[in-house]
Structure formats: structure tokens, C-alpha cells
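Step one of this worksheet: look at the structure below.
The structure displayed is predicted, hence computed values, not measured ones. Each chain gets a letter, A, B and so on, in the order the sequences are listed, and its residues count up from 1.
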Amino acid sequence: MNNSEIAKIFREIADILEVREIPHKPQAYRRAALALEGLEEDVADIYAKGGKRALEEIPGIGKSLAEKIEEFLLSGKIKKYEELKKELPVNLEELTQVEGLGPKRVYVLYKKLGIKNLEDLEKAAKEHKIAKLEGFGPKSEENILQGIEFLKKSKGRIPLGVVYPIVQKVKKVLSNLKEVKKIEVVGSFRRRKETVGDIDILVVTSNPEKVMDVFCSLEGVVKVWGRGPKKASVHMKEGFDMDLRVTDKESFGASLQYFTGSKAHNIAVRKIAISKGLKLNEYGLFKGEKKIAGATEEEIYQKLGMQVPPPEIREDQGEVELALKHQLPKLVELKDIKGDLHVHSNFDGGVDSIETLALKAQELGYQYLGISDHTKFLRIERGLDEKQLEEERKEIDKLNLKFKKIGFKIFQGAEVNILRDGTLDISDKALAKLDYVIAGVHSNFNMSEKEMTARIKRAMKNPYVTIIAHPTGRLIQKRESYNFDFEEILKTAKATNTILEINSSPERLDLPDKYIRFCVEQGVKLVINTDTHHWQHLRYMELGVGQARRGWAKKEDIINTYSTSEIEKVFKLKRKNAN
DNA sequence: GCCGTTTTCGGCCCGACTGTTTTCAGTCG
């Protein structure tokens, strides 16, 4: 993707300009980098369609940066960057990742010691060359070494699903302290971003010292690396940082707003404050010296004439404008979910019996559950053949008889495989006996975009295929999405009444948020499923709902918010063209 | 270098913390 490549170059230009003490331009380059990364379309496509003028339409990109993007697209280079880079020919991205190192200190390290990369840096620090530099000292040297250690161990951003249970536990421990009056986990965690950099926790407390002591000695803390009166920072053994910030009751809402971000959202909101002659910071909303809001997020947004945007959409992707017009959509909520349609039982080698899963689903307040065991292609998962599906049907019928009086229903589905040519691994005749069918790509990921698109489209055209599972196939930070034309898939989904899945499994969260938003805009229906292989996975629904909200999905966009009879209609609608 | 309900010039988010200083620069979020 050109966008991320150019964004990286713009960031480096920003860093070098900052070293030169050039004001404001660095921000412009960084804003542009952020804008490029937020784009859904490759700049090459935008340029192909509308030329330089179209590039200038991108917020944050003006005449000069549009020219630089054009230059990159035509020649693969940006001359200005090549020139600037001569002043600081080092691996900036790598070096500035070390905690406490920014462009200016990296420049000093390069000028004085010739440090170009992490390896040079570690060597110089171990030889105690850094402590002798002006502006550095023994403490900086020590921190650099620890920063390198941490960097080696940490994987950068961590999947939300990995930190989720840890953070829930930490929150619980802290909220149980009687000194803690209010607590909220903020930052990208609160926005339910699919990966998080670090965890920020906000507390109101009568005893900051006590709470910080508990925080710094939590299970999993390997090092306390910063502690002031208002903030404590720790490294966790899983390779991420946690910050605890203390605020007071009157500022809690302002801090919540401020630390939830995103940065882009906050900048946009602060501009609105400025336009009204007000000032917004983490302590409150101020008119001159007078604080006019701060205790809750609601009063802050209200005083700005805005609705409160749900945290999941605070990315400056249109929510600020709609909040001003009081036209924000009402997003789907966990309590709207009436069932889960992607659940594996012990029939295909999973852990739990269908009955156990049904009972657990009832505990969650669901009205229905869809059992979707693998079919025969995936031998590794003990996929079911036609005969085994019939046995499973008998079991489900039996349970349904039992659950009828409490108004709970089990649907029989299956997770079938979309083969290389777009056909399925089990006959239509067998599929016709099921209530619904989930189809997914589980093999031959490395096909051309054209082939993969055709493959999935053919599967969607099968009247028995109700849902496409984990549509992009990506595994967060492990495997890229396969190549396919999502626009084509959207069109076919719409034309064939095929549902696209939001798979809540922590390693997938597939569809990604931006694709969900496309579906919502195009009126393609979605389903939030957990892909449960153990009853405890049913809880992943929360992650999927967060993901759906990040994609601006409303209740009506998500079919498993429908009642039992409504969802049966959805199943039937897809099959209307079957023989 | 971008942008516009202070609109083609003159603004640009801002406070905490750290480690170095001896009043502050750099970094972070």
C-alpha cells in the first residue's frame, strides 16, 4: 500500500524538520501522515481517478504535499526527503521507538557518536559513552538500555483480545479498593481498537499513594518506570505498559474525554472549543479562567453543542460533524444481541456438548443458538460428513423439544469450506437439510485477487450459503488478509442476500472496522459471531460488538439482534432461489 | 505546510513528567 509508505516518509520528514527547529511544519507532515493512514483507498487509485486535485481534497493534504505524493507515485522517490535524509541518515523509526528518545536526541546521538540504529545505540550505552554527552546523564543511559530491552521483548502494539482479560482483572482489583471512587480504562482500549499500544487507567481516589502502591505491585508488573504524584507507569510481563493517572472528581469527565482520544478526535473537538472562545484540556472546559464543565463527558460535549460520540467512533472520521448536528447513529449494543450463530460443539471435536452450549447461551439471555460444526474437508477439525450431520440433527431436535417451553431454539448450521474453485466441500442436498450455512475460506490463501474474488463470489451465489465466515481471513499481527476485491464482494452480498460475519475471536476480529462501515453504508447485513470452540468463548461477543461499533453498525444492521422468527425469515430469504 | 463562522494571512493542542539542569528542553500522550 502506497499510503503507509508515504506516511512513513512524511513522519521522517517531520522528525528531521523538528530537529531543525522549524515550527509547525512537522505537525503538518504528521497530520498528513495520519490522514493517509486513515484513508480507505490507496492514494494511487485516488490519483488515477482525479489527479493531483483529488489528492488535495484529502484533509491535511494541500498543494505542496499533493505534489510530493504525485512525485512518489510517478518516480518512487521524494526529492525533498532524500535531501533531508542526508542530514540524519539513521533508522529513525527504530530509534524513536525507544522510550524517551525523540528526533532531537537521536540527532545528538548521531552527530556525537555516529549512532544509526538500535545495535549502535546498545553498544554505545553499554560502553557508557552516552552518559558523558551534554544533555544526557547516567540515568538516561540506563533508561535507554532498559528501553531497548523492553522493545526487544514487546511486540509493539498488542491485540485487544490479549490485553482484554488482563485489563478486566486489573480494573476489578483496583475498583475493589475502598479508596477508589471512580475508575475507567481509557485510551484505545476504551475505543476498542483491535490492537492497543499501552493501557491507560484513570482513577478518582481519596488516597493516591495507596492506589499507586497497589497498582505498582499488581501481578504481572515487571518494572515500575515512572512515578509522580499524578501518574505511575509500569511494564507488564506480557510486553505492554500500563499507566495509572489520578484525577479529581471535578475533572474526571475532562480527563476521560482527553485520555480516551483519539488524538485526531481531540484535536477536532478542541478546535470547536476554540471557535466558541473556550479552552478544553484534561481538567475541564474553560471560559477564560472559569471552569464551565469537567465532571462528566456529557456536560463537556453538551456545552460544546455536541452529542457524546461513543468512544468506539472517536477517530475524527465524521463523528464530530454529526455530533454537532445531533445526528449520530445509535450503535448496536451488547444487550441487543439475541443469539450466536457460529458455535462448534463436540460433534466436530470441540469441547462442549450442544446441550451445555445451549444452557450457557441461555445464561447470557440469548433466545437462540446456531451450532455450526465443520464439514468434512477440514479433517484436522474432525469435520462432519452427511451422515454425522443427520445424527447431529436428531440431537438438536431432541433438545429443541425440551427447550420449547422456555422459548429457546437451537438452529442447525455448519461451517463449510469454500474450495479453490468456489464450490463447497459438501453437497447442496446435505446443506438443504440445515437451517443455515456458514461458508469460509480455510485453505489456498495465496491466490490472485481476481481468483480469490471469483472464488468467494461463487460461494455467495450458492442459495444455501447464508453467511460468509471471517471474510478477509486475516489473523491480527499474524497473517494478512488474502487478496480480494471487497467492493465486488459487497455488491454480490447485497444482490444475493448473503450475510457477512464479524468474527469476534480475539485473533481475528474479522471483518475489520473499515469494512464493517462499508457494509453499513451499502446496506449489507452483518452477523456478530464468536466462533466458539469452548463455552467460555461465548463471551467474545463483547469484542465483536466493540468491533461492530467501530464500524458504525446499528442494531438493525446486525441480524443476530433479530428475534427468532425474524432471523428465520433472513435464513429463508437467502434460500428463496434454491430448487 | 495546512486551513478558513477571526477566510488568502496568521494562526497552528497543551500539560505532565523526567533528567538534566539551576530555569529548562525533550518527550509523551
Across the strands shown, which category fits [X] at heavy-atom distances under 4.0 angstrom: base, sugar-phosphate, nothing?
{"X": "A:F136", "result": "sugar-phosphate"}
{"X": "A:R30", "result": "nothing"}
{"X": "A:P59", "result": "sugar-phosphate"}
{"X": "A:P103", "result": "sugar-phosphate"}
{"X": "A:N266", "result": "nothing"}
{"X": "A:K25", "result": "base"}
{"X": "A:N143", "result": "sugar-phosphate"}
{"X": "A:E99", "result": "sugar-phosphate"}
{"X": "A:V98", "result": "sugar-phosphate"}
{"X": "A:K63", "result": "sugar-phosphate"}

Salt-bridge criterion met for [X] and [Y] (N-O under 4.0 Å):
{"X": "A:R517", "Y": "A:D557", "result": "no"}
{"X": "A:D15", "Y": "A:K85", "result": "no"}
{"X": "A:K80", "Y": "A:E71", "result": "no"}

Ignoring backbone atoms, establish whether [X] has a side-chain N or O less than 4.0 Å from OP1 or OP2 of [N].
{"X": "A:S140", "N": "B:dT20", "value": "yes"}
{"X": "A:K68", "N": "B:dG1", "value": "yes"}
{"X": "A:K231", "N": "B:dA16", "value": "no"}
{"X": "A:K80", "N": "B:dG1", "value": "yes"}

Between [options], which nucleotide gets closest to the side-chain atoms of [X]?
{"X": "A:S64", "options": "B:dC2, B:dT20, B:dG26", "result": "B:dC2"}
{"X": "A:R270", "options": "B:dC13, B:dG29, B:dC2", "result": "B:dC13"}
{"X": "A:R31", "options": "B:dC17, B:dC2, B:dG29", "result": "B:dC2"}
{"X": "A:R105", "options": "B:dG1, B:dT27, B:dC13", "result": "B:dT27"}

Taking the [atom1] atom in each of [N] and [M], what is the distance between them to the nearest angstrom?
{"N": "B:dT20", "M": "B:dT27", "atom1": "P", "result": "13 Å"}
{"N": "B:dT21", "M": "B:dG26", "atom1": "P", "result": "13 Å"}
{"N": "B:dC17", "M": "B:dT23", "atom1": "C1'", "result": "16 Å"}
{"N": "B:dC13", "M": "B:dC2", "atom1": "P", "result": "15 Å"}

Identify the nucleotide, in any strand shown, that forms a Watson-Crick or G-U wobble pair with B:dC28, with both distances under 3.5 Å; if there is none, say none.
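Result: B:dG15.
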Is the gap between the ring centers of A:Y81 and A:F10 under 6.0 Å?
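No.
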Please give me every residue in residues 122-132 of chain A whose heavy atoms get under 4.0 Å of an atom in DNA chain B, ordered by residue number.
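Those residues: none at all.
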Near DNA chain B, under 4.0 Å by heavy atom, which residues of residues 275-288 of chain A?
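When residues 275-288 of chain A is checked for heavy atoms under 4.0 Å from DNA chain B, the hits, listed by number, are A:K279, A:N281, A:E282, A:Y283.
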